[in-house]
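These notes are about the structure you will find just below.
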Amino acid sequence: MLSRVVFVSGMRSRGPYMLGTGLILYMLSKEIYVINHETIAALTIGAIAVYGIKKFGPDVAAFADKLNEEKVAQFQEVKDHAMSSLVQAIENEKKEQWRVDGRSMLFDAKRNNVAMMLETNYRERLHMVTNEVKRRLDYQIALQNLHRRMELEHMVNWVEKSVISSISPQQEKESIAKCITDLKALAKTTQAKATA
Amino acid sequence: MMVNSFSQFESPVFLTIPLIQLALILPWAFYPSPSPRWLSNRTLTLQNWFIGRFAKQLLASSTPKVHLWATLLVSLMLYIISLNLLGMLPYTFTPTTQLSMNMGLAVPLWLATVLVGFRNQPTLSLAHLLPEGTPTLLVPVLIIIETISLLIRRFALGVRLTANLTAGHLLIQLIATATLAFMSIMPANATLTSILLLLLTLLEIAVAMIQAYVFVLLLSLYLQENS
């Protein structure tokens with residue numbers, strides 16, 4: 001209760017200051033604390049300490065905070081990197097799933113391709129077979145034609161030969177004289193037509 | 001109570017209880033212990049950053065064999081720097097002003113670097129006693145000089161730290177006494193001497209940190225030389 005009276009009085013608590021001042025003055029006046037050279041040294045050191053802390057304190061605190069923040073930032077970066085790589089992995093997985101869905105269409109297309117290739121191949125072979133067969137048949141036809149022509153020629157030659165050999169010389173003279181008289185008569189009629 | 005100027009360096013005793021152990025353990029109370037949290041508070045972050053930076057800088061250009069000494073060197077550096085800086089506060093006792101303590105730190109560590117060198121590569125360690133490119137006439141003299149310098153290193157390490165800190169504390173005490181004496185007689189002089197005291201205290205803080213760093217740096221250099 002005494003402490004409450006001493007320390008909490010007025011708008012601002014002046015109690016501790018009063019206590020401190022009182023103690024110091026008491027110790028000085030009763031020479032419990034003697035002022036000697038150490039007092040001066042203490043004042044000097046105290047002044048340097050207060051000045052140093054007031055001037056460099058905030059900078060040192062900011063530096064310590066910066067060290068901690070750098071540490072946190074480093075680990076945060078690692079965490080962010082891990083998270084982004086995991087998100088990337090999820091997207092890749094989704095893409096793979098979509099690819100798998102389209103796999104049946106891929107197989108159909110491939111199947112069609114293969115069927116088309118087989119069909120093409122079959123048709124080519126068929127075409128080749130047809131050509132070969134036609135070639136062979138053409139050859140046979142040509143061969144038959146040749147046979148027939150040769151027979152015809154041979155027959156014509158034989159007929160000519162026999163006809164020529166059957167014509168006797170008397171018949172030949174008579175036919176030639178007849179031809180000459182026919183030609184003369186023809187010439188006369190032509191001449192007469194020309195002068196008329 | 002100041003009997004003479006050096007009474008501030010007496011090993012503290014309170015009601016016949018020696019307090020030197022307390023003074024030696026005190027820095028341990030000021031370092032935050034590592035926490036199992038991944039993100040720690042500002043003090044611990046700064047401590048970790050400082051230790052990492054210091055260790056990297058100290059052992060960057062050394063072989064992996066030297067890296068085995070990293071814990072020892074870094075903790076030594078932290079210990080000495082905290083002892084020195086705590087000694088800047090008034091009415092405190094600085095253990096590193098005691099020659100016994102500094103020799104207790106310097107001699108075993110220096111001896112360890114030498115023995116490690118002689119055990120692993122005796123030829124190379126002995127070869128360090130003769131710098132390259134010395135004229136033939138100077139070789140015997142130089143070997144003796146190098147041996148003496150090798151043996152002096154432990155004293156140099158210990159005494160350097162002791163002397164720097166003792167001198168600094170002594171100067172602060174003297175100038176503070178002068179300021180106090182001038183305050184009642186000639187306040188203007190007191191102002192001047194207090195400005196001097198301010199600058200000197202700044203210097204002392206710097207020296208406290210630098211001496212710790214130099215101690216550990218030299219040890220690491222001796223180690224690199226010998227490993």
Side-chain angles (χ1 to χ4, degrees), chain A residues 16-17 19-86, chain B residues 1-2 5 7-8 32 35 37-53 85-94 168-184 187 190-191 193-206 208-209:
Chain A
Y17 294 112
L19 179 65
T21 317
L23 264 177
I24 289 173
L25 284 175
Y26 167 69
M27 291 196 0
L28 282 172
S29 66
K30 291 271 192 176
E31 299 240 328
I32 296 171
Y33 176 72
V34 180
I35 293 190
N36 49 12
H37 63 280
E38 297 273 10
T39 317
I40 314 284
L43 286 172
T44 317
I45 288 271
I48 290 174
V50 164
Y51 174 72
I53 288 173
K54 281 229 167 358
K55 187 151 177 218
F56 301 115
D59 291 337
V60 169
F63 177 69
D65 288 339
K66 191 168 74 94
L67 285 174
N68 273 354
E69 267 164 39
E70 273 171 20
K71 208 167 157 186
V72 168
Q74 224 175 357
F75 280 82
Q76 185 73 22
E77 194 191 312
V78 167
K79 187 173 125 187
D80 287 342
H81 182 69
M83 272 175 62
S84 71
S85 67
L86 282 173
Chain B
M1 163 75 181
M2 211 169 70
S5 297
S7 59
Q8 65 176 317
S35 80
R37 288 164 177 270
W38 175 60
L39 269 183
S40 43
N41 56 6
R42 283 172 181 169
T43 325
L44 202 53
T45 311
L46 285 169
Q47 178 185 288
N48 290 342
W49 169 80
F50 176 69
I51 290 174
R53 186 82 189 271
L85 285 175
L86 279 173
M88 297 307 301
L89 298 171
Y91 299 106
T92 51
F93 170 70
T94 321
H169 278 88
L170 213 56
L171 267 174
I172 285 180
Q173 184 187 357
L174 287 172
I175 295 182
T177 315
T179 314
L180 189 63
F182 275 135
M183 251 194 209
S184 45
T191 321
T193 43
S194 63
I195 291 171
L196 181 64
L197 182 63
L198 193 77
L199 295 171
L200 185 68
T201 315
L202 280 170
L203 177 70
E204 270 318 297
I205 293 173
M209 295 194 278

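Chain naming here is simple, since letters A, B, ... match the order of the sequence lines and numbering starts at 1 in each. Reckoned from all heavy atoms, side chains included, excluding hydrogens, waters and symmetry mates.
When B:Thr179, B:Thr193, B:Ile175, B:Thr177 are each tested for a side-chain contact (heavy atoms from CB on, under 4.5 Å) with A:Ile40, only one passes: B:Thr179.
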Working note: B:Thr45 + A:Lys71, criterion side chain to side chain contact (heavy atoms under 4.5 Å, CB included); need CA distance, chi angles, decisive distance, verdict. CA-CA 11 Å; B:Thr45 311; A:Lys71 208 167 157 186; over 6 Å; no
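With values rounded to the nearest 0.5 angstrom, A:Ile48 atom CD1 is found 7.5 Å from B:Met88 atom CE. In this structure, the separation between CE on B:Met183 and CD1 on A:Ile35 is 8.0 Å, given to the nearest 0.5 Å. Atom OG1 in A:Thr44 sits 11.0 Å away from atom CD1 in B:Ile195 (nearest 0.5 Å). The distance from atom CH2 of B:Trp49 to atom CZ of A:Phe63, rounded to the nearest 0.5 Å, is 4.0 Å. Separating the CD atom in A:Glu38 from the OG1 atom in B:Thr92 is a distance of 7.5 Å, to the nearest 0.5 Å.
Heavy-atom contacts from other residues, nucleotides or ligands closer than 6.0 Å to OH of A:Tyr17 number 12 or fewer. The environment of OH in A:Tyr26 is sparse: at most 12 heavy-atom neighbours from other residues, nucleotides or ligands sit within 6.0 Å. The number of heavy atoms from other shown groups lying within 6.0 Å of CD (A:Glu77) does not exceed 12.
Of the two parts of B:Leu197, the backbone and the side chain both hold a non-hydrogen atom closer than 4.5 Å to a non-hydrogen atom of chain A. Contacts of A:Leu43 with chain B are absent, with no heavy-atom separation under 4.5 Å from either backbone or side chain. For A:Val34, the part sitting under 4.5 Å from any heavy atom of chain B is the backbone (N, CA, C, O) and nothing else.
Contact record, B:Pro90 with A:Ala42: CG-CB, 3.3 Å, taken as the closest heavy-atom pair. Residue A:Ala64 comes nearest to B:Leu46 through the heavy atom pair CB-CG, 3.8 Å, listed as atom of the first residue, atom of the second, then distance.
Taking B:Ile172, B:Leu89, B:Leu180, B:Leu174 one by one and counting their heavy-atom pairs under 4.5 Å with chain A, the maximum is reached by B:Leu180.
The backbone N or O of B:Asn41 lies less than 3.5 Å from no partner atom in the side chain of A:Asn68, so there is not a single donor-acceptor pair.
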